[in-house]
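Both ligands and their constituent atoms are indexed starting at 1 by order of listing. By convention here, the first residue in the shown sequence is residue 1.
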Amino acid sequence: MATRVSGANAELLARAERVMPGGVSSPVRAYRAVGGSPPFIVSGDRSRVRDAEGRSYIDLVCSWGPLIAGHAHPDVVAAIEAQARRGTSFGAPTPLEVELAETVVQGVPGVEMLRFVSSGTEACLSAVRLARAATGRDPILKFAGCYHGHADPLLAKAGSGVATLGLPDSAGVPIAATRDTVTVAYNDLDATEAAATARPLAAIVVEPFAGNMGCVPPDPGFLEGLRRISDRTGALLVFDEVITGFRVARGGAQERTGVRADVVCLGKVIGGGLPVGAYAGTAAIMRHVAPVGPMYQAGTLSGNPLAMAAGLATLKLLDAAAYARLESLGARLEAGLDRVARDAGIPARVQRVASLLTLFFAPGPIRNEDDAKAADRSRFARFHGAMLARGVLLPPSQLECLFLSLAHTDEDVDTVTSAAALALRQIAG
Ligand SMILES: *Cc1c(COP(=O)(O)O)cnc(C)c1O
C-alpha cells in the first residue's frame with residue numbers, strides 16, 4: 001500500500017516555489033523556522049497523515065487546531081458529502097447556519113448572538129470594528145506574542161509568524177493602521193492598567209490561553225484583572241478563542257476560567273476542518289452589526305453550508321467524555337515529554353492547557369513573548385527534524401502549540417514519547 005515515490009516532496013516543493021511564494025499558502029508551512037523542506041501531505045486518517053512519498057506520520061499539527069476529531073472522521077465526512085449533494089453555497093440563509101449558531105450560543109457563556117465569517121482573521125478584525133462601533137473609541141490594546149490574524153491593526157507584536165516594536169510587524173501595513181494599537185507584555189497587569197488609563201480603549205484583545213508564542217497560560221488573576229480594568233474603563237474585553245473555543249472546554253476559556261468576555265472570536269474547531277470563523281457577544285453588543293446596526297461586515301461564502309455541516313458534525317462529538325479524553329491524552333503526553341527531557345539532561349519545560357502543549361527548550365517558566373523567544377530555537381529545529389525522521393509531525397516552530405485530537409490513542413502518545421526520547425538523546429549536547 002505504501003507507494004514510495006522517492007524525491008516526490010522535493011519535486012513538489014520545486015514546482016510549488018515557482019508558482020507560490022515559498023511554495024506555500026501560509027508562511028509557517030515552508031519550514032523556514034526549522035530548516036529542511038516540508039512533506040507534501042496527500043491524505044489523513046484519524047491521527048495520521050501520509051505524504052507524497054508514502055511516508056506515514058503521527059500528526060500533532062492537526063491543521064493547527066480545527067481537527068479536534070482527527071482526520072476524515074466518518075461523521076464529518078458524511079455530513080460534508082450529504083450537504084455537497086444538496087448544493088455547496090446559496091448566498092442565502094440556510095437552516096444549517098441557524099443550527100450551528102444555536103449550538104454555539106448554547107455552548108459559550110455570555111454569547112447570545114454571533115455572525116459567521118470564513119476565517120479567524122475575519123473574526124478578529126470584525127470584533128475590533130464592533131468594539132470600536134460599540135464604544136465610539138479607536139484605540140485597542142493587545143498583548144505581545146498574541147496573534148489575532150493578519151488584519152492591519154492587529155499586526156503589531158503578533159507572535160509566532162511575525163515579530164518587533166509597536167510598529168507594524170509586516171511590510172505594507174501603514175503606520176497609521178497600527179497607531180491606535182497599544183501593545184503590552186502578556187501577563188503584565190500593571191502595564192495594561194497604565195495603558196488603559198492613559199487612553200480610553202475600545203477593546204482589550206487577548207488570547208485567554210496564549211497559543212501563538214507556544215502554549216502560555218495566563219498567570220492566576222491575569223484574566224480577572226483584565227475584566228476589572230475593562231469594567232473600570234469601559235473598554236470591551238475581547239477573548240480571541242479561535243484556538244481555545246470548543247477546545248479547552250466546550251465553553252472555551254470562559255468556561256474554564258469563569259472570566260466573562262464581552263466579545264468572543266471563534267474559528268478553527270467550529271469549522272471542523274472547513275473555513276469558518278465567528279464573532280459573538282450579547283444581543284446588545286451584536287445589535288451594532290448590519291443590517292440591524294450601523295457596523296458593516298459581509299461575506300459571499302459566510303455561513304457556507306459545507307462548512308456549517310462540518311462544524312455541526314464536529315461539535316456533536318464534543319461531549320464531557322470527549323473533553324475528559326483530551327485532558328487525559330494531554331496529561332499523558334506532558335508527563336512523557338517531561339520525563340524523557342529530564343532523562344536526556346536537556347533544560348526543557350512542558351507547558352500545557354488541555355490538548356494544547358509546547359515543549360520549550362528553556363529552563364524556566366515561559367510567561368510572555370520575551371521568555372518564549374529566549375528558548376533555544378536552534379535546539380528545537382534539530383528536535384523537529386529528528387522527530388520528523390521518526391514519523392512524528394510536530395508544528396515546525398518552537399513558538400507554536402502542538403494539538404491532540406480525539407483520534408489520537410494512548411499508543412500514539414507513547415510512540416511520540418519514545419520517539420522524543422531517542423530524538424532528544426540524538427540532539428543532546
Ligand atoms: C489561527 C488564529 C487566528 C487566525 O485564524 P485564521 O483562520 O488563520 O485566519 C486568530 N487568532 C488566533 C488566536 C489564532 O490561533
Side-chain angles (χ1 to χ4, degrees), residues 24-30 61-68 108 114-131 140 142-162 169-170 181 183 186 203-218 223 226 237-248 252-254 256 261 263-280 297 299 301-304 307 310-311 314 353-358 369 372 395-397 399-403:
V24 292
S25 298
S26 195
V28 71
R29 299 178 196 171
V61 181
C62 288
S63 189
W64 301 95
L67 298 182
I68 199 163
V108 182
L114 62 83
R115 166 64 56 82
F116 286 118
V117 290
S118 296
S119 68
T121 292
E122 273 185 276
C124 296
L125 80 87
S126 305
V128 166
R129 188 179 300 152
L130 174 60
I140 58 168
K142 74 176 287 292
F143 296 91
C146 286
Y147 177 65
H148 306 294
H150 65 85
D152 283 357
L154 292 163
L155 271 187
K157 291 263 186 190
S160 48
V162 276
D169 272 333
S170 165
T181 305
T183 307
Y186 197 76
I204 296 174
V205 186
V206 67
E207 285 183 74
F209 296 94
N212 285 285
M213 47 181 149
C215 181
V216 179
L223 297 176
L226 297 185
L237 183 57
V238 179
F239 275 9
D240 178 355
E241 299 227 42
V242 170
I243 286 183
T244 52
F246 289 90
R247 175 163 289 271
V248 299
Q254 290 194 91
R256 218 176 152 101
V263 177
V264 178
C265 303
L266 295 164
K268 298 194 170 121
V269 170
I270 65 161
L274 271 73
V276 182
Y279 58 104
Q297 184 275 313
L301 291 174
S302 294
N304 174 262
T314 299
V353 178
S355 52
L356 300 169
L357 182 155
T358 301
E369 189 185 36
S397 165
L399 303 179
E400 304 283 3
C401 293
L402 62 79
F403 295 87

Would Q297 and R129 count as having a side-chain donor-acceptor pair, cut-off 3.5 Å?
-> no
Can you find an N or O of I243 that's nearer than 3.5 Å to an N or O of ligand 1?
-> no
Rounded distance [0.5 Å steps], CD1 in I140 versus CG in L154 | 5.0 Å
Nearest protein heavy-atom contact for atom 4 (C) of ligand 1: which residue, which atom, what distance?
-> T121 N, 3.6 Å
S119 heavy atoms, cut-off 4.0 Å: which ligand 1 atoms fall inside?
-> 7 (O), 9 (O)
Heavy atoms only: give me the nearest M213-A144 pair and the separation to one decimal.
-> CE-O, 3.8 Å
For atom 12 (C) of ligand 1, the option (of F209, W64, Y147) bearing the nearest heavy atom = Y147
Below 3.5 angstrom, do we get any N/O pair linking D240 and ligand 1?
-> yes
Backbone, side chain, both or neither: what part of H148 comes under 4.0 angstrom of ligand 1, heavy atoms only?
-> backbone
Pull out every atom of ligand 1 sitting under 4.0 Å from any heavy atom of G149, numbered as shown with elements.
-> 4 (C), 10 (C)
For A278 against V117, the heavy-atom pair lying closest together | N-CG2, 3.8 Å
Under 4.0 Å from a heavy atom of E207: give me the atoms of ligand 1 that qualify, with their elements.
-> 13 (C)
Could you tell me the residue and atom name of the protein heavy atom closest to atom 14 (C) of ligand 1, and the distance to it rounded to 0.1 Å?
-> K268 NZ, 3.0 Å
Could you find the nearest protein heavy atom to atom 7 (O) of ligand 1 and give me its residue, atom name and distance?
-> G120 N, 2.8 Å
Please examine the side chains of R115 and L130, heavy atoms only from C-beta on, and report whether any two atoms are closer than 4.5 Å.
-> no
R29 side chain vs V24 backbone, donor-acceptor pair below 3.5 Å | no
Counting distance only, does the side-chain N/O of E241 pair as donor-acceptor with the main-chain N or O of P208 below 3.5 Å?
-> no
